[in-house]
Amino acid sequence: MNDAILFAVDEGLARLTLNRPTRLNAFNADLAHAWRDATAEATSRDDVRAILIDATGPAFCAGGDVIDMATSFGGPEDITALAEVINAGIRSLTESSVPVVAAAHGTTAGGGLGILLSSDYAVVGSRSRLGSLYANIGLTPDLSVSAQLARAVGQRRALQLVLQDRLLSAQEAQDWGLVAESVEGADAADEAALVRARGEEIARFWLAGAADAYGQAKRLVRSQPERTFAEQLSEEARSIGAAMATPEAQARIAAFAAASAKKGAA
């Protein structure tokens, strides 16, 4: 792993920080490989029960570093290979049973949308702007944007983004269901800090609660397209049965029963 991503684990929380601030955290080969390695480690470690993705500098992620691609890559096959490296990281997150929050301050564009969509809960700043912008430079959606955007906002809205040079405001992104919430700061730097803090607060909420149950709930929703309706019902039944047998659930159910009995006696 290289310093294009800062990676740390603290009390169950893995923090992945995109760290190419002078390029608005756009992906080059270094960031692509660091992303793949960091997501693989975060989702495979037994001591990680929540993941936070954030970024340094003025923006969350501007997608691919097209200038670097145009000057450093030999041909189309190199671009395809690099996209597959980043895709491996996206799959690590979306196929895992670890809940992921993105703290996406500033601008998120192009493939950055795919990185945001690989989270399960996204927080932005009131100044944030989010959009596609691929076609502006003659490119097509990648990094899961065509796979995940329509699931998140609906096909018609997804088409509005990929067929225009529109950047959604934070409020529009929230109204569309692309992000969960936004926070406002006194200035851009303050807002970025508040976005990161709110992202960590959400992750710590998962850790303080039934983190494994949150993770399994995420897995059920994320993996549902792989199953028929009947198969999904069966998987839900199997999962809740397995959850009931865990010490965490037994302790929480006992505490809930005791509190209910106390309330009833009052």
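For reference, positions follow the sequence shown, starting with 1.
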Exercise for the section: Return the minimal non-hydrogen interatomic distance between Asn2 and Ala34, and the atom names on each side. Expected result: OD1-CB, 3.5 Å
Practice task
Check whether the side chains of Arg196 and Thr17 place a donor and an acceptor atom closer than 3.5 Å, and report yes or no.
Solution key: no
Handout entry: Worked check of side chain to side chain contact (heavy atoms under 4.5 Å, CB included) between Thr107 and Leu130
Key = CA-CA 6 Å; Thr107 299; Leu130 302 91; over 6 Å; no
Fill in the blank from the handout: Residues joined to Ile253 in its hydrophobic cluster, side chain to side chain under 4.5 Å directly or through other members, sorted by chain and number, are Met244
For residues 146-163, dump all side-chain donor-acceptor pairs below 3.5 Å to protein atoms at least two apart in sequence or in another chain.
unit_1 : atom_1 : unit_2 : atom_2 : d
Gln148 : OE1    : Arg222 : NH1    : 2.6
Gln148 : NE2    : Ser144 : OG     : 2.9
Arg151 : NE     : Ala147 : O      : 3.4

Fill in the blank from the handout: Output for pair (Glu191 CD, Ser182 OG), nearest 0.5 Å, gives 8.0 Å
Handout entry: In one Ile/Leu/Val/Met/Phe/Trp/Tyr side-chain cluster, 4.5 Å: Val100, Val9
Key = yes
Problem - Side chain to side chain, Phe7 and Glu41, heavy atoms closer than 4.5 Å - result: yes
Exercise for the section: Verify, without hydrogens or angle tests, whether Glu231 (side chain) and Thr228 (backbone) share a donor-acceptor contact under 3.5 angstrom. Expected result: yes
Practice task
Nearest 0.5 Å please: distance from the CG atom of Leu116 over to the CG atom of Leu143.
Solution key: 12.5 Å
Fill in the blank from the handout: Gly110 and Val145 have their tightest heavy-atom pair at O-CG2, 3.8 Å
Exercise for the section: Give a yes or no answer on whether the side chain of Ser234 reaches the backbone of Ala230 with a donor-acceptor pair at less than 3.5 Å. Expected result: yes
Handout entry: Short N-O contact, Arg198 and Glu201, less than 4.0 angstrom
Key = yes
Handout entry: Ion pair check, Glu172 and Arg166, cut-off under 4.0 Å
Key = yes
Practice task
Indicate yes or no: at least one non-hydrogen side-chain atom of Asp142 is less than 4.5 angstrom from one of Tyr134.
Solution key: yes
Practice task
Report the distance from atom CD of Glu200 to atom CG of Asp10, rounding to the nearest 0.5 Å.
Solution key: 7.5 Å
Fill in the blank from the handout: Tightest non-hydrogen contact, residues Thr56 and Pro21, listed as OG1-CD, 3.4 Å
Problem - Value rounded to 0.5 Å, distance of CZ in Arg15 from CG in Asp54 - result: 4.5 Å
Practice task
Begin with the C-alpha distance, continue with both residues' side-chain angles, and end with the deciding distance and a verdict on side chain to side chain contact (heavy atoms under 4.5 Å, CB included) for Arg129 and Leu168.
Solution key: CA-CA 5 Å; Arg129 296 294 181 268; Leu168 297 179; over 6 Å; no
Practice task
Would you mind checking if Asp65 and Arg20 are paired as a salt bridge, meaning a charged N to carboxylate O distance below 4.0 Å?
Solution key: yes
Handout entry: Test item: Asn25 side-chain N/O and Ala59 main-chain N/O as donor-acceptor pair under 3.5 Å
Key = yes
Exercise for the section: Indicate if Leu113 and Leu133 have the same hydrophobic cluster label, given that clusters are the connected sets of ILVMFWY residues with side-chain heavy-atom separations under 4.5 angstrom. Expected result: no
Completion exercise
When every non-hydrogen atom of Ala42 is compared with those of Leu16, the smallest separation belongs to CB-CD1, 4.1 Å
Practice task
Could you check if a side-chain atom of Asn19 sits within less than 4.5 angstrom of a side-chain atom of Ile5, using non-hydrogen atoms only?
Solution key: no
Practice task
Please tell me if the side chains of Thr43 and Leu93 come closer than 4.5 Å, counting only heavy atoms from C-beta onward.
Solution key: yes
Handout entry: Donor + acceptor pair across side chains of Ser223, Arg227 (<3.5 Å)
Key = yes
Exercise for the section: Would you confirm whether Asp30, through its side chain, and Ala4, through its main-chain N or O, come within 3.5 Å as a donor-acceptor pair? Expected result: no
Problem - Side-chain donor or acceptor of His105 paired with backbone N/O of Val123 under 3.5 Å - result: no
Exercise for the section: Find the distance between CG (Leu18) and CZ (Phe27) and round it off to the nearest 0.5 Å. Expected result: 5.5 Å
Practice task
Give a yes or no answer on whether the side chain of Asp78 reaches the backbone of Gly75 with a donor-acceptor pair at less than 3.5 Å.
Solution key: yes
Handout entry: Check ion pair Arg219-Glu235 (N to O, under 4.0 angstrom)
Key = yes
Practice task
Using side-chain hydrogen bond (donor to acceptor under 3.5 Å, both in side chains) as the criterion, list what pairs up with Ser128, not counting sequence neighbours.
Solution key: none
Handout entry: Leu82 side chain reached by Asn28 side chain, heavy atoms, under 4.5 Å
Key = no
Exercise for the section: Please examine the side chains of Val98 and Arg49, heavy atoms only from C-beta on, and report whether any two atoms are closer than 4.5 Å. Expected result: no
Problem - ILVMFWY network linking Val66 to Ile115, side-chain heavy atoms under 4.5 angstrom - result: yes
Fill in the blank from the handout: To the nearest 0.5 Å, atom CZ of Arg91 lies from atom OG of Ser118 at 12.5 Å
Handout entry: Ring centres under 6.0 angstrom apart (Tyr121, Tyr214)
Key = no
Handout entry: pair Asp212-Thr246: side-chain heavy atoms closer than 4.5 Å
Key = no
Exercise for the section: Might you confirm whether atom CD1 of Ile67 has over 12 heavy atoms from other residues, nucleotides or ligands at distances under 6.0 Å? Expected result: no
Exercise for the section: Taking atom CD1 of Ile137 as the centre, report whether more than 12 heavy atoms of other residues, nucleotides or ligands fall under 6.0 Å from it. Expected result: yes
Practice task
Please report the closest heavy-atom contact between Pro58 and Leu24, naming both atoms and the distance.
Solution key: CG-CD2, 3.6 Å
Problem - Close side-chain approach of Trp35 to Ile53, heavy-atom, < 4.5 Å - result: yes
Exercise for the section: Give the cluster check for Leu178 versus Val195: same hydrophobic cluster or not, with ILVMFWY residues linked at side-chain heavy-atom distances below 4.5 Å. Expected result: no
Handout entry: Check: Glu248 side chain, Ala243 main-chain N or O, donor-acceptor pair, under 3.5 Å
Key = no
Practice task
Of all the heavy-atom pairs spanning Thr39 and Gly89, show the shortest one and how long it is.
Solution key: OG1-CA, 3.1 Å
Practice task
Give a yes or no on whether Ile51 and Ile202 share a hydrophobic cluster (residues Ile, Leu, Val, Met, Phe, Trp, Tyr; joining criterion: side-chain heavy atoms under 4.5 Å apart).
Solution key: no
